[in-house]
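For reference, the structure is listed below as structure tokens.
Basis for what follows: all heavy atoms, side chains included, without hydrogens, waters or symmetry-related copies. Lettering of chains follows the sequences in order, A, B, ..., and the numbering in each one begins at 1.
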2 protein chains.
Amino acid sequence: MRPLIHPSIEDISVEGILHALSDPVRAAIYMELAVSSGASTCSDFLQIKERNIPKSTLSQHFRALREAGLIRSERQGVEMFNTTRCSEIEQRFPGLIPAILKAHAVQAAHGAKRKRAAGKAKAG
Amino acid sequence: MRPLIHPSIEDISVEGILHALSDPVRAAIYMELAVSSGASTCSDFLQIKERNIPKSTLSQHFRALREAGLIRSERQGVEMFNTTRCSEIEQRFPGLIPAILKAHAVQAAHGAKRKRAAGKAKAG
DNA sequence: TTCTATAGTTCATATGTTGCGAACTATTGG
DNA sequence: CCAATAGTTCGCAACATATGAACTATAGAA
């Protein structure tokens, strides 16, 4: 089993970060990791955004986030603990991650608003 | 020939923006458009980042940027004029585009530094 | 050690996306 | 109408992604 790859901070690229976070599932995972104080395992995300994600797919998504330099994964016994590398990335690309997280929050808020409006329209 | 599609501002998604800008060529195009005051045609980018991009590929890249909501394209005679939709996006996702542009700038500066260091190492 | 359970990874493959040359469309000016 | 210029679309090869099946790694029990 190949060892986990964590790029060094200067090998992290903007394109890599944007690509990793341009997938809705990965963005959701990353947001949860960024918000939650502690570390989270892979399996914590088998359900995300009202969808079931197969384990193999999740594993690939975690690999993508890891190799983009967004998260750090460490084995602890039988599970894998994942944490963000937010503060490192903040050093290299100040403001980038916060801006993306904020934009996602704006979009989620706006999406909820539209959903309510659509429901009202249907009901009324 | 199908008409050009420009999503309305509320249909622009974070994922779409990140995906569009996660490609190095598109990111370079967008940066030039953002920096240049006026509008630019497609063909202004046949050479970018020391690479020749085929016209058909460029056309696809412009379409990707357009349909992600990042640029507006308008026909003027035989050419196409492209402008960014920065200010609109700034309304919907404040700070997102500036943060990405800044991160790209940081990366370009850092890349140049590493290149010089590599050159020195080879020379010395 | 061997057996079992759990958490993730890797493989094979089907499906989706991208890059680019060739052929095409749209516009302008003889 | 013809030619030139600027972009677009088509078709296909190359690359990427999602997922079930098979596998590896670790812990605990017997």
Side-chain angles (χ1 to χ4, degrees), chain A residues 1-6 13 15-30 32-33 38-68 70-83, chain B residues 1-6 13 15-30 32-33 38-68 70-83:
Chain A
M1 200 154 281
R2 78 176 71 126
L4 303 181
I5 292 165
H6 293 97
S13 73
E15 291 90 344
I17 290 175
L18 298 190
H19 179 249
L21 294 180
S22 72
D23 179 278
V25 172
R26 284 196 296 264
I29 292 172
Y30 186 75
E32 288 243 353
L33 286 178
S40 307
T41 68
C42 241
S43 304
D44 291 343
F45 299 93
L46 283 168
Q47 276 187 294
I48 198 164
K49 300 187 93 185
E50 303 161 5
R51 243 159 60 73
N52 292 321
I53 313 287
K55 256 178 1 150
S56 58
T57 303
L58 259 192
S59 179
Q60 304 283 26
H61 282 317
F62 274 92
R63 185 154 77 99
L65 289 169
R66 189 165 54 237
E67 298 189 357
L70 284 164
I71 66 171
R72 193 174 290 285
S73 310
E74 280 172 294
R75 198 170 203 122
Q76 305 233 331
V78 79
E79 335 179 89
M80 206 73 161
F81 280 101
N82 299 285
T83 48
Chain B
M1 200 153 278
R2 78 174 69 121
L4 303 181
I5 292 165
H6 293 98
S13 73
E15 292 89 344
I17 291 174
L18 298 190
H19 179 248
L21 295 180
S22 72
D23 179 280
V25 172
R26 284 196 295 264
I29 291 173
Y30 187 76
E32 289 244 352
L33 285 178
S40 308
T41 68
C42 241
S43 304
D44 291 343
F45 300 93
L46 284 168
Q47 276 187 294
I48 197 163
K49 299 187 93 184
E50 301 162 5
R51 241 158 60 72
N52 291 321
I53 313 288
K55 259 186 348 159
S56 59
T57 304
L58 259 193
S59 178
Q60 304 283 24
H61 283 317
F62 274 91
R63 184 153 78 98
L65 289 169
R66 189 165 53 237
E67 298 190 357
L70 285 164
I71 65 171
R72 193 175 291 285
S73 309
E74 279 173 295
R75 205 177 192 117
Q76 305 234 332
V78 79
E79 349 182 72
M80 205 74 160
F81 279 99
N82 298 286
T83 48

Phosphate-side-chain proximity, A/R2 and C/dT10, N/O vs OP1/OP2 below 4.0 Å: yes

In this structure, how many angstroms lie between the C1' atom of C/dG8 and the CG atom of A/D44, rounded? 13 Å

Which atom of A/A68 lies closest to which atom of A/G16, heavy atoms considered: CB-O, 3.7 Å

Side-chain N,O (A/S43) to OP1/OP2 (C/dG8) below 4.0 Å: yes

For B/R72, all residues meeting salt bridge (charged side-chain N to carboxylate O under 4.0 Å, His left out), sequence neighbours excluded: B/E88

Taking CG from A/L58 and C1' from C/dA7, how many angstroms apart are they, rounded to a whole number? 12 Å

Give every residue pair that meets the salt bridge (Lys or Arg N to Asp or Glu O under 4.0 Å) criterion with at least one member in residues 46-64 of chain A, sequence neighbours excluded. A/R63-A/E67

Does A/A28 offer a backbone N or O that forms a donor-acceptor pair with the side chain of A/R26 under 3.5 Å? no

Using C1' atoms of five pairs at each end, report the bend of the helix from C/dT1-D/dA30 to C/dG30-D/dC1 rounded to 10 degrees. 10°

Rounded to the nearest Å, what distance is computed from the CD atom of residue A/E67 to the P atom of nucleotide D/dT17? 12 Å

Once you round it to whole Å, what is the distance between C1' of D/dA6 and CZ of B/F81? 11 Å

When rounded to whole Å, the CZ to C1' distance for the pair B/R63 and D/dC10 reads 12 Å

Any N/O pairs under 3.5 Å between the protein and nucleotides 13-18 of chain C? List them or say none.
residue : atom : partner : partner atom : Å
C/dT18  : OP1  : B/H19   : NE2          : 3.2

Write down the distance between CG (A/L46) and C1' (C/dG8), rounded to a whole number of angstrom. 11 Å

How close do A/L33 and A/N82 get, counting heavy atoms only, and between which atoms? CD2-O, 3.7 Å

What string of B, S and - do you get for nucleotides 20-30 of chain C, 5' to 3', when a contact is any protein heavy atom under 4.0 Å? BBB--SBBS--

Validation row: A/Q47, A/N52 side chains within 4.5 angstrom (heavy atoms): yes

Distance-minimising heavy-atom pair for B/F45 and B/I53: O-CG1, 4.2 Å

Restricting to side-chain hydrogen bond (donor to acceptor under 3.5 Å, both in side chains), what partner residues turn up for B/E15, sequence neighbours left out? A/Q107

Looking at B/D23 and B/V25, what are the two nearest heavy atoms and their distance? OD1-N, 2.8 Å

